[in-house]
Amino acid sequence: MSDHADEIAAIFSRKGAYGRFKDFLVRVGALNQWYEYEAAATEKALREWCAENGIEVEG
């Protein structure tokens, strides 16, 4: 994706960026990879928040 850095920067320079970013990911064939990354990052952040707040997570 580094070869698309300028295009991605332009996408996020105005409102409605997330929808345009998803369109970009579809165009370059990376939407499923994004969803996998997003899910893993969300789970990691939630687990860290729970640990910091004394909430035990099973599984």
Any residue meeting ring pair (Phe, Tyr, Trp, His ring centres under 6.0 Å) with Phe12, in chain and number order, not counting sequence neighbours: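 Expected list: Phe21.
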Distance, nearest 0.5 Å, that separates CD1 of Ile11 from CZ of Phe24: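 One gets 6.0 Å once the value is rounded to the nearest 0.5 Å.
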Please list all pairs meeting salt bridge (Lys or Arg N to Asp or Glu O under 4.0 Å) that have one or both residues in [range], counting only residues at least two apart or in different chains.
range          : answer
residues 26-38 : Glu7-Arg27
residues 11-20 : none
residues 45-59 : Glu43-Arg47, Lys44-Glu48

By side chain to side chain donor-acceptor pair (under 3.5 Å) - contacts of Tyr37 (at least two apart):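 With sequence neighbours excluded, Tyr37 shows a side chain to side chain donor-acceptor pair (under 3.5 Å) to no residue whatsoever.
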For Leu31, side-chain contact (heavy atoms from CB on, under 4.5 Å) partners two or more places apart: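 With neighbours one apart ignored, the set is Lys22, Leu25, Val26, Tyr35.
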Contact list for residues 39-59, test ring pair (Phe, Tyr, Trp, His ring centres under 6.0 Å), sequence neighbours left out: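 Output for this query is empty, none listed.
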